[in-house]
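Just so you know, these numbers come straight off a predicted model, no measurement behind them. Numbering of ligands and ligand atoms starts at 1, following listing order.
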Amino acid sequence: MRSKLSPSILAADFLNLGEEIRQTDQAGTQYIHIDVMDGVFVPSISFGMPILSAVRNTTEKFLDVHLMIVNPERYIEEFVKCGADGITIHLEASECVEETLTQIKALGCKTGLSISPDTPVEALYPFLHLTDMILIMTVHPGYGGQKFIPECEEKVRKLRDYLNQNNMDVDIEVDGGIKLDNAKMILDAGANVIVAGSAVFEKEKTFENTQNFLELFRKWEEKK
Ligand code: DX5
Ligand code: ZN
C-alpha cells in the first residue's frame with residue numbers, strides 16, 4: 001500500500017490559493033484535502049462548493065473532501081458535481097451512514113468514513129465493507145494547527161490489525177497535527193494517507209515542504 005500525502009488547504013494563503021495548490025501539485029502531492037465545516041458539527045465555518053469548484057479547475061490531483069457537517073447526505077450530489085474524487089463523512093454526524101456511503105459510491109466517488117478522537121475504533125467495524133478509506137482524526141475536528149493527540153496512534157494500530165486479520169484493503173488516513181517529525185510513527189502504526197495542513201502550506205516553502213514529506217514516504221517504504 002503506497003503512502004500518499006493530502007495537504008489540507010485550510011492552512012493555505014487563500015489570496016494565493018491557485019499558486020499554493022500549484023506548488024504542492026508540482027512537488028508531487030497525490031491528494032488535495034478539502035475541509036468543509038458547517039459551524040454545527042464543529043464550531044467553525046470554513047468553505048464549501050465554490051472553493052471546491054475553483055480547486056477542481058486548477059488541479060487534476062485527487063480531491064479528498066472531508067465533510068465536517070451534520071446530515072452530510074443533503075449535499076453529496078452537489079459535492080460530486082463540484083469535482084470531489086473522494087468524500088469522507090463523519091460517523092457521529094449522520095443517522096444514515098450506510099445509505100450515504102452507498103450513495104457516494106453510486107455517484108462514482110471513493111467513500112470515506114471518519115471518527116473524532118472520542119469515538120472508539122470498534123464503532124467503524126459495521127461499515128468497513130462500504131468504505132475505501134477510514135479517516136482517524138488525530139485532533140478534535142474544527143481547526144488547523146492543533147497538537148497531535150498521542151492516544152490516537154493506538155486506534156490506527158488497532159484498525160490496521162483488524163483490517164489485516166479480515167483481509168480488507170482499506171486506506172487509513174490520519175488528520176491533525178501531523179508534521180515531518182511524527183509522520184514516521186503514524187506510518188509505522190498503519191496509516192497510509194497523511195493529511196498535513198500547517199506542515200505543508202507555508203509562505204515560499206509549500207513546494208519544499210511537500211517534497212520533504214514525499215521523501216520521507218520513499219525512505220519509509222524502502223526500509224519496509
Ligand atoms: C481539522 C481538519 C484538518 C486540519 C489539519 O478539523 O480536518 O484537516 O486542517 O491541519 P494541521 O495539519 O495544521 O493540523
Ligand atoms: Zn480534514
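- Sorted by chain then number, the residues whose non-hydrogen atoms approach ligand 1 to under 4.0 Å are Ser8, Leu10, His33, Asp35, Met37, His66, Met68, Met137, Pro141, Gly142, Tyr143, Gly144, Gly145, Asp175, Gly176, Gly177, Val195, Ala196, Gly197, Ser198.
- Of all protein N/O/S atoms, those lying under 2.8 Å from the Zn ion (ligand 2) come to 4.
- Heavy atoms from other residues, nucleotides or ligands lying under 6.0 Å from CG of Asp169 number 12 at most.
- When side chains are defined from C-beta on, Pro50 does not count as touching Cys82, because their heavy atoms never get closer than 4.5 Å.
- Taken to the nearest 0.5 Å, the NZ atom of Lys81 stands 13.0 Å off from the CG atom of Leu52.
- Taking CG from Leu5 and CD from Gln211, the interatomic distance works out to 11.5 Å, rounded to the nearest 0.5 Å.
- For residues 121-136, every residue pair satisfying the side chain to side chain donor-acceptor pair (under 3.5 Å) rule, not counting sequence neighbours, is listed here: Thr111-Asp132, Glu122-Lys158.
- Between Arg157 and Glu153 a salt bridge is recorded (basic side-chain N to carboxylate O distance below 4.0 Å).
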Quiz item: Could you go step by step and tell me if Asn209 and Asn212 meet the side chain to side chain donor-acceptor pair (under 3.5 Å) rule?
Solution: CA-CA 5 Å; Asn209 290 341; Asn212 288 340; 4.6 Å; no
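- Remark: of the listed residues Lys184, Arg2, Lys4, Arg2 is the sole one forming a salt bridge (charged side-chain N to carboxylate O under 4.0 Å, His left out) with Glu221.
- Residues in residues 69-120 take part in these ring pair (Phe, Tyr, Trp, His ring centres under 6.0 Å) pairs, two or more places apart or across chains: Phe41-His90, His66-His90.
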